[in-house]
Structures are given as structure tokens and as C-alpha cells.
*Asks:* 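Attaching a single structure in C-alpha cells format; questions to follow.
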Amino acid sequence: KVMRKYVWFWNIFHYSLYRWEIYAGNIITYPVRKILRNEYIKKKYAERGVENPEKIVFNTLNEPDSGVRIFLAGALVVVLTFLFLYGIFNVMFGLFAVRINLELNYLFLMLGVSILINYLLLFKGNKYMVYFKEFAKMQKAEKDKYGWLCFFTAMSILIFTGFSVQFVY
């Protein structure tokens, strides 16, 4: 039952990062979307059989099952997991006064563990899609509340990792 809560939280974390990625990405791609709304450009695409190029670009970027933004949000979740594990290792080695040289193979091991954790919690069988459908039904205020919680979680991971570096040397 406790594990289910962790899985739920990690999925809402992933969902919030996905929403942020869509929001930030829409700002960044606005000039391209504006160009695709131009009548001349629409006409050129129509000659090639494309009715609405802006919609195709939007769907390619934002589809929750295969879009670019879901890939970026997933990668960000893996990176944050990696940073958290890196911070834990730094603190452990510092507290136990173990001096090790974090060679590349240790970093790859932590990256592998990060990928495995996120695969099991989010990506295995597209588990996140079930949660995304649940989260899409939430009221905007509730989505925003969890969005802020996830923002502070991400910032806490970054701050923790930054402070953990002092234990390395």
C-alpha cells in the first residue's frame, strides 16, 4: 500500500513535468506555429496533402504516448532520479569517511539503476498512461497544487545534490 503511494507520487511528478514541458515548449515553438498559420504556408502544405500542418506539429510534440514532450519529461525524471542517487552516494561515502573515486563505471551504474527504477514505476507497459488519464480528470486547482509540490520536489533534489558534493572530498 505504501509502495502504491510512491508509484502514484512518481507518476504525478512525471505528469507535472510533462505539463511543464508542454507549457514551456509551446512558448518556444510559438514562432513556428505562427508561421504554419500563414495562408501561403497552409496552401503549400495543402498541395502536398497536409490539411493542417500546425495540428500535425502540435500532435507530434505533445502526444502523451509517443510525442517528443513525453520523451523529454521521461528523460528529466531519469536525470532527477540519477541526481538524487548521486547525492545519496555522496552523503553515504562522506558520513562513513569512505574515500572513493567516482569513476565512470559508478556513474553508469547509478544511471542504470535510475533507468530501472523509472522503468518499473512509470514506463513498464506504459503504466504512466493509466495515471495520466486519472490526472487529466483532476480539477485545474488540484493539478496546480501537485505541480507546485513537484516543482519543490525537483528543486529539493537539485539543492540536495548540490550540497551533497561537499561530502565527496
Side-chain angles (χ1 to χ4, degrees), residues 4-87 104 107-108 110-162:
R4 198 174 311 160
K5 288 181 181 181
Y6 286 123
V7 171
W8 186 90
F9 176 77
W10 207 239
N11 275 282
I12 193 86
F13 186 72
H14 184 221
Y15 180 74
S16 296
L17 290 174
Y18 171 67
R19 284 184 60 219
W20 177 83
E21 185 64 45
I22 287 175
Y23 179 75
N26 285 342
I27 292 170
I28 293 168
T29 60
Y30 179 75
V32 174
R33 291 192 342 255
K34 189 75 170 165
I35 290 169
L36 291 174
R37 291 179 193 153
N38 181 292
E39 290 303 318
Y40 175 76
I41 300 294
K42 281 184 177 180
K43 192 181 300 182
K44 285 295 183 186
Y45 273 100
E47 290 172 5
R48 297 181 185 138
V50 178
E51 292 299 318
N52 190 347
E54 182 185 7
K55 183 177 180 183
I56 291 173
V57 169
F58 183 83
N59 288 343
T60 301
L61 292 173
N62 297 336
E63 283 295 317
D65 58 344
S66 62
V68 173
R69 307 247 192 269
I70 193 66
F71 173 76
L72 293 173
L76 189 55
V77 169
V78 170
V79 167
L80 287 169
T81 306
F82 171 80
L83 290 174
F84 183 68
L85 289 176
Y86 180 70
L104 211 50
L107 296 176
F108 280 124
M110 282 189 278
L111 181 62
V113 170
S114 300
I115 292 170
L116 180 65
I117 288 169
N118 286 293
Y119 174 74
L120 294 173
L121 295 180
L122 302 173
F123 306 124
K124 185 179 181 183
N126 286 339
K127 186 187 302 187
Y128 73 92
M129 290 298 294
V130 174
Y131 287 95
F132 274 30
K133 289 176 184 172
E134 174 189 333
F135 301 146
K137 295 175 187 174
M138 288 181 175
Q139 298 294 322
K140 183 178 178 344
E142 195 173 12
K143 287 180 189 177
D144 290 345
K145 176 181 79 173
Y146 286 116
W148 281 109
L149 176 66
C150 294
F151 171 77
F152 288 118
T153 300
M155 290 297 108
S156 298
I157 290 171
L158 293 175
I159 291 168
F160 169 70
T161 303

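FYI, side chains are in, hydrogens and waters are out, and symmetry mates aren't considered; it's all heavy atoms of this structure.
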*Asks:* Has the side chain of R33 got a donor or acceptor atom that lies under 3.5 Å from a matching backbone atom of N26?
*Replies:* yes
*Asks:* Table please: side-chain donor-acceptor pairs of residues 147-162 below 3.5 Å, with sequence neighbours left out.
*Replies:*
{"unit_1": "T153", "atom_1": "OG1", "unit_2": "L149", "atom_2": "O", "d": "2.8"}
{"unit_1": "S156", "atom_1": "OG", "unit_2": "F152", "atom_2": "O", "d": "2.7"}
{"unit_1": "T161", "atom_1": "OG1", "unit_2": "L83", "atom_2": "O", "d": "2.8"}
{"unit_1": "T161", "atom_1": "OG1", "unit_2": "I157", "atom_2": "O", "d": "2.8"}

*Asks:* Aromatic ring centroids of W10 and F13 under 6.0 Å?
*Replies:* yes
*Asks:* Is there a side-chain contact between R4 and V7 (heavy atoms, below 4.5 Å)?
*Replies:* no
*Asks:* Which pairs with one or both residues in residues 34-50 pass side-chain hydrogen bond (donor to acceptor under 3.5 Å, both in side chains), sequence neighbours excluded?
*Replies:* R37-E54
*Asks:* For the CD1 atom of I70 and the CD1 atom of I22, what is their distance to the nearest 0.5 Å?
*Replies:* 8.0 Å
*Asks:* Give the C-alpha distance, both sets of side-chain angles, the deciding distance and a yes or no for side-chain contact (heavy atoms from CB on, under 4.5 Å) between L80 and L17.
*Replies:* CA-CA 11 Å; L80 287 169; L17 290 174; 4.3 Å; yes
*Asks:* On a heavy-atom basis, which atom in V78 and which in S114 lie closest, and how many Å separate them?
*Replies:* O-CB, 3.8 Å
*Asks:* Is any side-chain heavy atom of L36 less than 4.5 Å from a side-chain heavy atom of V57?
*Replies:* yes
*Asks:* With sequence neighbours left out, what residues match E63 under side chain to side chain donor-acceptor pair (under 3.5 Å)?
*Replies:* none
*Asks:* With rounding to the nearest 0.5 Å, note down the distance linking CD1 in I12 to CZ in F132.
*Replies:* 9.0 Å
*Asks:* With ring-ring contact (aromatic ring centres under 6.0 Å, His included) as the test, would you mind laying out the steps for Y146 and Y15 before giving the verdict?
*Replies:* CA-CA 9 Å; Y146 286 116; Y15 180 74; 10.0 Å; no
*Asks:* Please assess M110 against L107 for the test side-chain contact (heavy atoms from CB on, under 4.5 Å), listing each intermediate value before the final yes or no.
*Replies:* CA-CA 5 Å; M110 282 189 278; L107 296 176; 3.6 Å; yes
*Asks:* In this structure, is the centre-to-centre distance between the rings of H14 and F135 below 6.0 Å?
*Replies:* no
*Asks:* Considering residues at least two apart in sequence or located in another chain, which fulfil the side chain to side chain donor-acceptor pair (under 3.5 Å) criterion with T81?
*Replies:* N118
*Asks:* Kindly state each residue pair satisfying side-chain hydrogen bond (donor to acceptor under 3.5 Å, both in side chains) with at least one member in residues 126-135, sequence neighbours excluded.
*Replies:* W8-E134
*Asks:* Once you round to the nearest 0.5 Å, how far does CH2 of W20 lie from CZ of R69?
*Replies:* 10.0 Å
*Asks:* Starting at CD of E21, measure out to CD1 of I28 and round the result to the nearest 0.5 Å.
*Replies:* 7.5 Å
*Asks:* Would you say F82 has more than 12 foreign heavy atoms packed within less than 6.0 Å of its CZ?
*Replies:* yes
*Asks:* Sequence neighbours left out, what passes side chain to side chain donor-acceptor pair (under 3.5 Å) with K140? Give chain and number order.
*Replies:* D144
*Asks:* To the nearest 0.5 Å, what is the distance between CG on N11 and CG on L122?
*Replies:* 5.0 Å
